[in-house]
Each structure stands twice: as C-alpha cells, then as structure tokens.
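Shown next, in structure tokens, is the structure this report addresses.
Any value given below was found using the heavy atoms of this structure, including those in side chains, with hydrogens, waters and symmetry copies removed. Proteins come first, then strands; the chains are lettered A, B, ... in the order of their sequence lines, and each starts at number 1.
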Number of protein chains: 2
Amino acid sequence: MASRAKLSVNPRAEESRSRILDSAEGLFAHRGFDSVTLRDIAAPLGLRHASLYYHFPAGKEELFAEVMERNIRRHGAGLAAAIEAGGTRLRGKLRGAAGWFLSQAPIDLIRMAESDLKALDPKAARKLMELVYELILGRLQRTIEDSRASGEVGPCDAGLLAGGILGMVESLHSVPVAIVGRERYAMGCELIDVILKGIDYEEDRDAGG
Amino acid sequence: MASRAKLSVNPRAEESRSRILDSAEGLFAHRGFDSVTLRDIAAPLGLRHASLYYHFPAGKEELFAEVMERNIRRHGAGLAAAIEAGGTRLRGKLRGAAGWFLSQAPIDLIRMAESDLKALDPKAARKLMELVYELILGRLQRTIEDSRASGEVGPCDAGLLAGGILGMVESLHSVPVAIVGRERYAMGCELIDVILKGIDYEEDRDAGG
DNA sequence: GTCTATATAAAGATAGAC
DNA sequence: GTCTATCTTTATATAGAC
C-alpha cells in the first residue's frame with residue numbers, strides 16, 4: 001500500500017483509479033484471474049480497456065495484485081469490525097464473522113493457492129498469502145485464543161479451527177439458497193454452534209477481557 | 001455416461017480417449033476451465049491440440065463436461081469405498097472420507113458454481129451440480145443420517161453438516177503443510193472430532209446397522 | 001485521462017494430408 | 001488417429017492523437 005509510486009496526485013485520476021479497482025475487485029473475487037478480462041473490467045465503467053494502462057502501466061498482473069491486496073485488507077477490516085460488534089462472547093463474535101463473510105464475495109483460498117497466485121510473481125503471491133493469514137485467519141485465530149485464555153472454551157488448536165471455520169462458512173456461498181430454502185447466515189450460525197459445542201463452549205462462564 | 005454417441009469401438013481410440021480424459025482431469029481439477037488450454041492437455045500426451053477434436057468434436061466444453069462428470073463419479077465411488085473401509089462407527093467413516101478427499105485434487109465447489117459451470121450450457125451445468133449433490137454430498141449426508149438413526153449421534157441437520165464437513169476438509173488443501181508442520185489428514189481428523197463432539201457423538205453407543 | 005488504432009500472442013476451432 | 005497448416009477470435013499490450 002505504501003510502496004506504490006503514484007502516477008499523479010490529481011483527484012480525478014485517483015477517483016478513476018479507485019473506481020477501476022472497485023469494478024475489478026468484484027469480478028476477480030468471483031471468477032478469478034484468468035476468467036476476467038480487462039475489457040470485462042473497463043466496460044461497466046464506460047471505459048476502453050486500453051485506458052486501464054494509464055492507471056496500471058504494468059497491466060493486468062499489477063491490477064490484480066493491487067485489487068487482491070485491497071480486497072484482503074478490506075475483508076480483514078470488516079471482519080475485525082464484525083467480531084467487535086458481536087459482543088464479548090465467542091458465539092456472538094463468530095456469528096458476526098460468519099455474517100461478514102457471507103455478505104461478501106467468497107474468499108476462495110483453494111482457487112487462490114492453486115490457480116490465481118500462480119499467475120503472479122512468487123514474491124507478490126507470497127505477500128498476498130501472508131496478508132490472508134495475518135488479517136483474516138489470524139484475526140479469527142486470536143479471537144478463539146482469547147476465549148480459550150479466558151476459559152470460555154476448552155483446549156483446542158485455534159489456528160486449525162480458524163481455517164476450518166472459514167472453509168466451512170465460505171462453502172455456504174455455493175449452496176443454492178432457493179433450493180434448500182434457508183438463509184446462509186442461519187446455516188452458518190448452526191454450523192458454528194456445532195463447532196462451539198465441540199470445543200466445550202460455555203455461554204455462562206465468564207468471558208474475561 | 002450412457003448417452004454419449006461413441007465415434008468408434010476401436011480399442012486404440014478408446015484408450016487414447018481415456019488418456020486424454022486423465023490428463024484433462026488433473027489439469028481442470030486444479031486450475032479450472034478457463035485456466036487450462038487444449039494445448040496444456042495435449043502436450044503431456046505427446047499430442048497436438050488439434051488431435052483432441054477427433055475424440056471430442058464439440059471441443060473444449062464437451063471435453064470439460066465429460067471430464068467433470070467422470071471426476072465426480074470417481075470421487076463418489078472413492079468416497080463410498082473410503083466410508084465403507086472406515087468401519088461401522090461414524091468417526092471411522094468420516095476419517096475415511098477425509099483421507100479420500102485429501103488424497104485427491106480439491107473439489108472447489110465455489111469455483112465450480114461461480115466460474116467453471118458458467119462456461120457450460122445451463123443444462124450440463126445443472127447436471128454436474130446434481131451429480132455432486134447425489135454422489136458426494138448425498139453420500140456424506142446419508143452416512144450421518146444412518147448414525148443418527150442408530151442413535152450414535154444426537155439431532156442434527158445432516159445435509160448442512162455434510163456440506164460443512166466437505167468445505168472444512170477441502171480447505172485443508174490450501175494450508176502450507178511445510179509451514180504448519182502437520183499432515184493434512186491429521187488436521188482433518190482433529191476437525192472431524194470437534195464436529196462429532198458437537199453433535200453428541202458417543203463411541204460406545206451401539207452403531208446399529 | 002481517455003480515446004482510436006494497431007501490434008502481438010495465444011486461444012479455440014476447422015480442413016485436409018497421411 | 002494424428003498430423004500440419006490455417007482461420008478466426010479474443011486476449012494483453014503499446015503508440016500516438018486529442
């Protein structure tokens with residue numbers, strides 16, 4: 001975020017740049033690097049794809065890397081806020097997290113690891129993965145660890161659970177809500193309740209902190 | 001599987017066709033429809049991409065649809081065998097399932113739903129999704145329901161849990177084993193144990209059946 | 001800043017030789 | 001059955017006008 005050399009301080013340029021990132025974020029998040037073309041990104045903005053090169057001279061790869069970093073940071077910030085808003089108990093925090101994840105485009109870590117990141121140079125790919133671990137998985141993990149420290153839950157591998165919960169909740173993105181006839185958030189809460197029971201969560205114990 | 005009009009009964013053709021499907025299966029499973037080219041599929045077989053059109057006259061889409069169907073059926077069969085081999089208790093069955101999933105290329109349902117299947121005509125896409133539900137998620141669901149019926153676990157939404165377990169276990173494909181220093185299968189077992197405890201699994205109760 | 005026009009590369013697909 | 005050769009389309013990317 002800090003090391004990028006800005007081409008201009010023109011507010012019009014910055015806004016245009018930001019709108020491009022917004023458009024690209026949704027498309028890349030849903031369909032991945034290879035499935036999205038620069039024309040897909042430019043068209044909804046009324047732009048020609050060539051115009052994107054003014055803002056991202058190095059082309060698609062640079063745009064994608066920047067979009068992904070922004071996406072992960074935004075996800076992390078939203079997650080932190082959702083956990084915070086969930087209250088002092090772990091159940092509320094995890095429900096908040098689930099609500100946040102399900103309100104956003106999926107974070108498909110499998111596709112990221114197996115496909116998207118292989119299109120980037122290894123250094124950029126590594127950076128993005130580290131951001132995911134730091135801002136998303138790490139946040140979830142620390143939330144669980146805090147509850148563990150305060151005795152709200154029993155012994156458990158918080159890092160493993162964080163990944164498991166994320167994978168579990170994100171997988172709800174692919175369920176056809178119209179067919180199963182149930183809201184994703186409600187399903188997320190039920191799954192979280194199973195996990196909580198599985199790690200001896202007790203609502204009545206003091207949450208500390 | 002039954003309705004395809006075979007171009008030939010020549011055993012050489014059938015074998016070649018089968019080798020193409022094998023090559024394509026691994027590539028498509030890991031990287032998805034758009035990221036794999038016909039040249040990627042043909043090259044490792046010492047073939048030119050044009051030769052694929054002999055076996056799949058309708059081109060990439062036909063090849064992909066057939067590969068995916070085969071992949072799902074193979075996955076379902078392997079899953080059934082792994083569950084069977086897991087013994088009579090739910091814990092063993094689910095561990096068998098986890099071991100199977102982790103021995104195969106990831107099933108990325110998010111990518112399938114959000115990206116891959118959109119490249120197919122809706123009828124073919126629908127068929128593939130139904131196969132996933134019938135042969136993979138359905139199998140897991142029935143396994144849980146059987147244990148529920150025999151009193152091995154408490155009340156639970158088996159369909160929801162099946163999806164949750166699949167998403168949870170598949171997400172292990174993206175963890176960097178070299179960094180966390182733990183086998184994926186061991187992590188899968190630990191997550192399954194949490195789920196089982198969360199649905200009141202009791203090893204000692206009679207599993208019935 | 002965005003455009004048009006174009007270069008270049010790579011993709012899916014087809015025709016016809018062998 | 002697989003090849004070579006080629007067509008067409010669609011990408012990314014660049015150059016230069018406005």
Output the rounded distance in Å from [atom1] ([X]) to [atom2] ([N]).
X: Arg31(B); N: dA11(C); atom1: CZ; atom2: C1'; result: 14 Å
X: Ile20(B); N: dT2(D); atom1: CD1; atom2: P; result: 6 Å
X: Ile41(B); N: dA11(C); atom1: CD1; atom2: P; result: 11 Å
X: Glu15(B); N: dT2(D); atom1: CD; atom2: C1'; result: 15 Å
X: Leu52(A); N: dC3(C); atom1: CG; atom2: C1'; result: 13 Å
X: Leu47(A); N: dC3(C); atom1: CG; atom2: C1'; result: 10 Å
X: Asn10(A); N: dT2(C); atom1: CG; atom2: C1'; result: 13 Å
X: His55(A); N: dT14(D); atom1: NE2; atom2: P; result: 16 Å

Donor + acceptor pair across side chains of Thr37(B), Asp40(B) (<3.5 Å):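 Result is yes, a qualifying pair exists.
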Closest-nucleotide 5' rank along DNA chain D - winner of Arg39(B) and Ser16(B): Ser16(B)
Side chains of Asp116(B) and Phe28(B) in contact at under 4.5 Å (non-hydrogen atoms): no
Pairwise side-chain contact, Trp100(A) with His75(A), heavy-atom cut-off 4.5 Å (strictly under):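 Sidechains of His75(A) and Trp100(A): in contact.
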Out of [options], which nucleotide sits closest to the side chain of [X]?
X: Leu38(B); options: dG12(C), dT12(D), dA15(C); value: dG12(C)
X: Tyr53(B); options: dT2(C), dT12(D), dA13(C); value: dA13(C)
X: Ala50(A); options: dT14(C), dT12(D), dA5(C); value: dA5(C)

Distance-only donor-acceptor test (3.5 Å): side chain His49(B), base dA11(C):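 There is none.
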Steps toward salt bridge (Lys or Arg N to Asp or Glu O under 4.0 Å) verdict (Lys60(A), Asp34(A)): CA-CA 10 Å; Lys60(A) 189 183 185 183; Asp34(A) 288 321; 5.1 Å; no
Given DNA chain C, 5'-ward residue of the pair Phe33(B) and Gly46(A), judged by closest heavy atom: Gly46(A)
Sugar-phosphate only, base, or nothing, as touched by Ser51(A) at under 4.0 Å among non-hydrogen atoms: base
Phosphate OP1/OP2 of dT4(C) contacted by Arg48(A) side-chain N/O (<4.0 Å):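 So the side-chain polar atoms of Arg48(A) do come within 4.0 Å of the phosphate oxygens OP1 or OP2 of dT4(C), strictly under.
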OP1 or OP2 of dG1(C) under 4.0 Å from side-chain N/O of Tyr54(A): yes
Residue pair Glu25(A), Arg74(A): steps toward the salt bridge (Lys or Arg N to Asp or Glu O under 4.0 Å) verdict: CA-CA 11 Å; Glu25(A) 184 170 339; Arg74(A) 197 178 50 73; 2.6 Å; yes
